[in-house]
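All remarks here apply to the structure that follows.
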Amino acid sequence: MFGYIARRLLATIPVMAVVAVLVFMLLRLTAGDPAAIIAGDNATSQDVAAIREKLGLDRPIVEQFVIWLGRILQGDFGESFFFKKTVAELIVGRVEPTLALAVCTLFLAVATAVPLGVIAAWKRGTWIDRGVMGLSVFGFSVPVFVIGYALIYLFAIELAWLPVQGYQPLAEGFGGFLERMVLPSITLAVIYVALIARITRASVLEVMNADYVRTARAKGLGELPVLVRHVLRNAAVPIVTVIGLGVALLIGGVVVTESVFSIPGLGRLTVDAVLARDYPTVQAVVLLFSAVYVVINLLVDLTYTFLDPRIRY
Amino acid sequence: MSPARRLATALALSTALWAVAAPAPPALAQTTLRVVMHSDLKIVDPIWTTAYIVRNHGYMVYDTLFAMDAKGEIRPQMVDKYDVSADKLTYTMTLRDGLLWHDGKPVTAEDAVASIKRWGAKDSMGQKLMSFVRELQVVNPKTFRIVLKQPTGLVLGALGKPSSNVPFIMPKRVAETDPNKQISDFVGSGPFVFKKEEWKPGDKAVYVKFDKYKPRSEPPSGLAGGKVVKIDRVEWKAIPDHQTAINALLAAEIDYIESPPHDLYPVLKQDANVRLVTLNPLGNQYTFRFNTLYKPFDNAKVRQAVFYAFNQEDFLKAVIGDPNYYKTCKSFFPCGSPLATTRGMDGLLESNVEKARALLKEAGYDGTPVILMHSTDLAVLANLAPVAKALMERAGFKVDMHSMDWQTLVARRAKKDPPDKGGWNAFLTSWVSGDILNPVMMGFMNASCDKAMFGWPCDKEIESLRDQFARETDPARQKAIAEAVQVRETLYPTHLPLGQWYGAVAVRKNVSGMIEAPVTVFWNVEKKGR
C-alpha cells in the first residue's frame with residue numbers, strides 16, 4: 001500500500017511538470033500584455049516598454065521559464081504583477097472561502113444526492129423515480145449562474161432571508177458564515193446532486209438484483225438495513241469515483257459561483273488574474289488546482305480498498 | 001435517550017456553544033459607506049499607472065497643490081497663496097498651515113518638489129511642463145519656487161489637472177521612488193487614510209477618515225474647495241458582476257455603485273430606495289483612433305473620408321440608447337468645457353457618403369482592408385465597432401473587424417507591427433472629459449511621430465500649435481489656438497470625436513452630498529443611518 005502511494009506521488013511529478021509547461025506557454029501565447037494593462041489607458045508606448053522591462057517580460061520566453069521554474073523548485077511562486085503581494089500570500093488569503101464553499105457544497109450534494117439516488121432505485125419506475133430523474137436532468141441543464149441569480153432573486157431580494165453576496169470568515173461568527181454560504185452552496189450543489197444521484201441510482205439498481213441482496217431479504221432483514229448495509233456499500237465504488245471526478249466540476253463551478261456571489265476565493269482570483277494577464281498568479285493557481293485534483297484522485301483510489309476488500313494495491 | 005433525541009440534544013448544545021463562542025459583531029458606532037467602484041483596486045501608485053481606479057484611490061489618500069473647480073477653473077488646494085513674477089518666469093507657492101501626513105509629520109515644500117519631479121517624469125502633461133522648467137527651488141519648509149526657462153500657461157493647469165496622472169503630493173521619501181517602480185509606502189496627506197492591512201485585492205479596499213486633515217474654508221466645488229469628510233469609513237467592495245452589485249444595492253448591502261451599466265438603469269429606477277445621480281457634468285467622449293503608420297490611414301484624405309462617413313448619433317444610440325445620457329458634440333474638446341468649439345466641423349460627422357466616397361477616390365484607396373479592433377467585454381464600448389464597420393462599408397471601405405477583450409486590445413494597440421502581422425488600423429475607445437480639456441492634455445492630439453500615443457500621428461503643424469498653446473498664458477489666445485488645432489485636425493485627423501455620454505452613480509436614498517466632478521470623490525458625502 002505504502003509502495004503504491006509512493007509510486008503514485010512520484011507519478012505526479014511528470015504530471016505537474018507537463019501542467020507547468022502548458023500553463024506557462026499558453027499564457028505567453030495568449031493575446032494580451034500585462035505591462036499595457038498595468039500602464040493604464042493613457043500610457044504611452046514608452047511607459048509600457050519600461051514596465052515590460054521591470055517585469056522581465058522583455059526577456060526570451062525560455063529564459064523567463066527557467067527563472068520561474070527555478071523559483072518554483074525553491075517554493076517561491078513569485079510576486080503578482082499587479083498587487084504588491086507575493087502569489088503565496090494572495091493564495092493563502094483566498095483559500096478559506098473556496099475551501100468552505102467546496103466543503104459545504106460536497107456535504108450538501110452527497111447528503112442530498114445519495115439518498116435521492118437510492119430512493120429512486122428502490123422505487124424504480126414509480127413517480128418518485130421519475131421525479132428524481134427529472135430533477136437530475138434539470139440540474140444538468142440549467143447553467144450555474146442562472147440558478148445563482150434565481151436563488152438571489154427569490155431568497156435575497158424578494159424574501160430578504162439571506163444576503164445577496166459576500167463572505168464572512170468562520171472566525172468572525174458561525175451565523176454570518178453560514179447565512180452567506182447557503183445560497184452559493186445550493187447553487188453549486190445542484191449540478192453535483194444531479195450527477196451523483198444518477199450514478200447512485202444506476203449503481204444501486206445493478207446491485208439490487210444481486211444474489212446476496214435476495215439472500216439478505218430472504219433472511220428477513222428489513223429494507224433499510226438491506227439498502228444501507230448490502231446494497232449501498234457494494235454500489236459505493238462508482239459513487240465515490242464520480243464524487244472524486246466531480247471535483248473538477250466543482251473547481252469550474254467555484255469560478256462562476258464565486259463571481260455571481262462575490263466571494264473572494266480562489267475562483268475569483270483565477271478570473272481576475274486571467275483577465276489581467278497576471279502570469280505568476282495564474283500559473284500558481286493552475287498548478288495548485290492540478291495538485292489538488294491529482295491528490296483527490298489518489299484519495300479516491302485509496303478509498304476503494306476500504307469499500308471493497310477485494311481491491312488490493 | 002433515543003438516537004434521535006441524542007442527535008437533537010447535540011445539535012442544540014453545539015448551536016448554543018457557537019452562539020457563545022462566536023465573537024460579538026463590532027460596535028456600530030461609525031458610519032461606513034460601502035461602495036462598488038468601476039473596478040477592483042489592484043495597484044496603489046497613481047503615478048505608476050494611469051488607470052482611473054488608481055487615480056480615484058489617489059484622491060482619497062493624497063492631496064493636490066491645485067484643483068479644478070466646478071466651473072473648470074484652477075484653484076489653490078494645498079497651496080495657500082502663490083505669486084507669479086512680472087516676467088512670468090517664477091511661480092512662488094506657499095503651502096497652507098496645518099497640512100499633515102497621515103503619520104503626523106508636517107507636509108513640507110521638499111515633499112511638494114519631490115512629488116512634482118516624479119509626476120513630471122511620468123505624466124505627458126507633466127513632461128511638457130518640465131520642458132519649460134529651469135529649476136524647482138525649496139525656499140523654506142513651506143515655500144517653493146518653480147523657475148521657468150520661458151513663460152507658459154501650463155503651470156497651474158498642469159498642477160491642477162483633474163485626471164490621470166494627477167500630480168498628487170507624496171512624502172519626499174516616497175516621491176523619490178523611481179517613477180517606473182511602484183511605491184510601497186502609502187502615507188498621504190489627503191482626507192482619508194488607506195488601511196493597508198485591511199486591503200484585500202479582489203475583495204475590498206478600506207479608507208478611514210483622517211481626523212487631522214485640515215480642509216480649506218471654501219465650500220466644495222468640483223475637486224476644489226473644502227474637503228470635509230462626513231463619514232468615518234469607506235469600503236470599496238470588489239463586485240465585478242454588475243447584476244450582483246445591483247442586487248446588493250437593492251438589498252441595502254451596499255450604498256453606492258459608481259458606474260452601473262446603462263441597460264440596468266430601468267431596474268434601479270423602479271426601486272424607491274435607490275436613485276441615479278449624474279455627477280460628471282462633462283461626461284465622457286467616444287473616440288475613433290487611426291493608426292497613421294500603415295495603409296490606408298497613412299493618407300490623411302482617407303482619414304477625412306471616415307470623418308465624413310461617420311455620424312455621432314448612430315454610435316451614441318447603439319451604446320447608450322437613452323438620449324438623457326448622451327449628446328452629440330461636434331468638437332474635439334468636450335462640450336461644456338472652456339475650449340469647446342465647432343470651428344472647422346461644418347459638414348463633418350453627418351454621414352455624407354457621397355463626399356466620403358469622393359475623398360476615397362481622390363486618395364486612390366485601393367480596397368486595403370481596415371483592421372478594426374472590436375472590444376467585446378466592456379458594455380460601454382462593445383457596440384461601437386460594429387457601427388463604425390457599417391458606416392465605413394457604406395462609404396466604400398473594406399473592413400475586417402477583429403473581436404477581442406479590452407485587455408487584448410490594449411496590448412495590441414501598442415504594437416507597431418503591420419496590420420496583417422498582428423498590428424491594427426483603427427479602434428474605438430472612450431475618454432473621460434477631464435483628460436481631454438486642452439490640446440496639450442489630449443493624448444490623442446499629440447502628433448509627435450514616434451513619441452505620440454499609439455497611432456503615432458506625425459504632424460509638425462499640430463505640434464507647433466500645441467507648443468504655442470503651452471507657451472500662451474492668455475486664456476483668450478489659448479482658445480484661438482485650440483480652435484486652430486481643431487481646424488488642423490479636420491485636415492490631418494489624428495482621431496475623431498464621436499459624441500459625449502454620461503453615466504450615473506446609483507446610491508441608496510440615505511446617501512447624499514455627492515460632489516459633481518470629473519472624478520468620483522467621497523468628501524462631503526453623508527450617510528444617514530448605517
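It should be emphasised that the depicted structure is a prediction, and the values quoted were computed from it without experimental measurement. So that the names make sense, note that chain A is the first sequence line, chain B the second, and so on, each numbered from 1.
Interface summary for chain A: among B:Arg412, B:Lys122, B:Met404, the most heavy-atom pairs under 4.5 angstrom belong to B:Lys122. When each of A:Ala49, A:Pro34, A:Ala36, A:Ala35 is scored by its heavy-atom pairs under 4.5 Å with chain B, the top score falls to A:Ala36. With chain B as the partner, the residue from A:Ser259, A:Pro163, A:Gly176 showing the most heavy-atom pairs under 4.5 Å is A:Pro163. Of the listed residues (A:Val271, A:Leu275, A:Leu269, A:Val164), the greatest number of heavy-atom pairs within a distance under 4.5 Å of chain B belongs to A:Val164. In terms of non-hydrogen atom pairs under 4.5 Å with chain A, the most contact-rich of B:Ala51, B:Ala248, B:Gly443 is B:Ala248.
Between the OG1 atom in B:Thr408 and the CG atom in A:Asp33 there is a gap of 10.5 Å [rounded to 0.5 Å]. To the nearest 0.5 angstrom, B:Trp48 atom CH2 is 9.5 Å from A:Lys54 atom NZ. Here the CD1 atom belonging to A:Ile51 is positioned 6.5 Å from the OG1 atom belonging to B:Thr49, to the nearest 0.5 angstrom. One distance of note links NZ of B:Lys200 with NZ of A:Lys85; it measures 9.0 Å at 0.5 Å rounding. Between A:Asp47 atom CG and B:Asn165 atom CG the span is 8.0 Å, to the nearest 0.5 Å.
Heavy atoms of B:Asp45 lying under 4.5 Å from chain A are absent altogether. Of the atoms belonging to B:Ala245, not a single heavy atom falls under 4.5 Å from chain A. Neither the backbone nor the side chain of A:Tyr167 has a heavy atom closer than 4.5 Å to any heavy atom of chain B. Of the atoms belonging to A:Ile37, heavy atoms from both backbone and side chain fall under 4.5 Å from chain B. Heavy atoms of B:Leu249 lying under 4.5 Å from chain A are absent altogether. With a 4.5 angstrom heavy-atom cutoff, A:Ile38 touches chain B via backbone and side-chain atoms both. In this structure, chain A has a heavy atom under 4.5 Å from the side chain of B:Asp405, while its backbone stays farther away. Using a 4.5 Å cut-off between heavy atoms, B:Lys451 contacts chain A through both its backbone and its side chain.
Within the 4.5 Å cutoff, side-chain heavy atoms of B:Ile239 are placed close to those of A:Gln165. Side-chain contact between A:Tyr149 and B:Asp241 is present, with at least one heavy-atom pair separated by less than 4.5 Å.
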Evaluate the criterion side chain to side chain contact (heavy atoms under 4.5 Å, CB included) for residue pair B:Gln243 and A:Ile152; output intermediate values, then yes/no.
CA-CA 10 Å; B:Gln243 187 60 59; A:Ile152 288 173; over 6 Å; no
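Among all heavy-atom pairs drawn from A:Ile157 and B:Asn247, the shortest one is CD1-O, 3.4 Å. Considering every non-hydrogen atom in both A:Arg94 and B:Gly202, the closest pair reads NH2-CA, 3.2 Å. Between B:Ala238 and A:Arg268, the shortest heavy-atom contact is O-NH2, 3.2 Å. Scanning all heavy atoms of the two residues, the minimum distance from A:Ala276 to B:Lys42 falls at CB-CE, 4.4 Å. Closest approach of B:Ala251 and A:Ala156 over heavy atoms only: CB-O, 4.5 Å.
Under the 3.5 Å distance criterion, the side-chain polar atoms of B:Thr244 are matched with a main-chain donor or acceptor of A:Val260. Of the possible polar contacts, none joining the A:Ser262 side chain to the B:Pro240 backbone as a donor-acceptor pair under 3.5 Å is found.
Other residues, nucleotides and ligands place more than 12 heavy atoms under 6.0 Å from the CZ atom of A:Arg28. No more than 12 heavy atoms of other residues, nucleotides or ligands sit less than 6.0 Å from atom NZ of B:Lys181. The neighbour count for A:Glu53 CD, taken as heavy atoms of other residues, nucleotides or ligands under 6.0 Å away, does not exceed 12.
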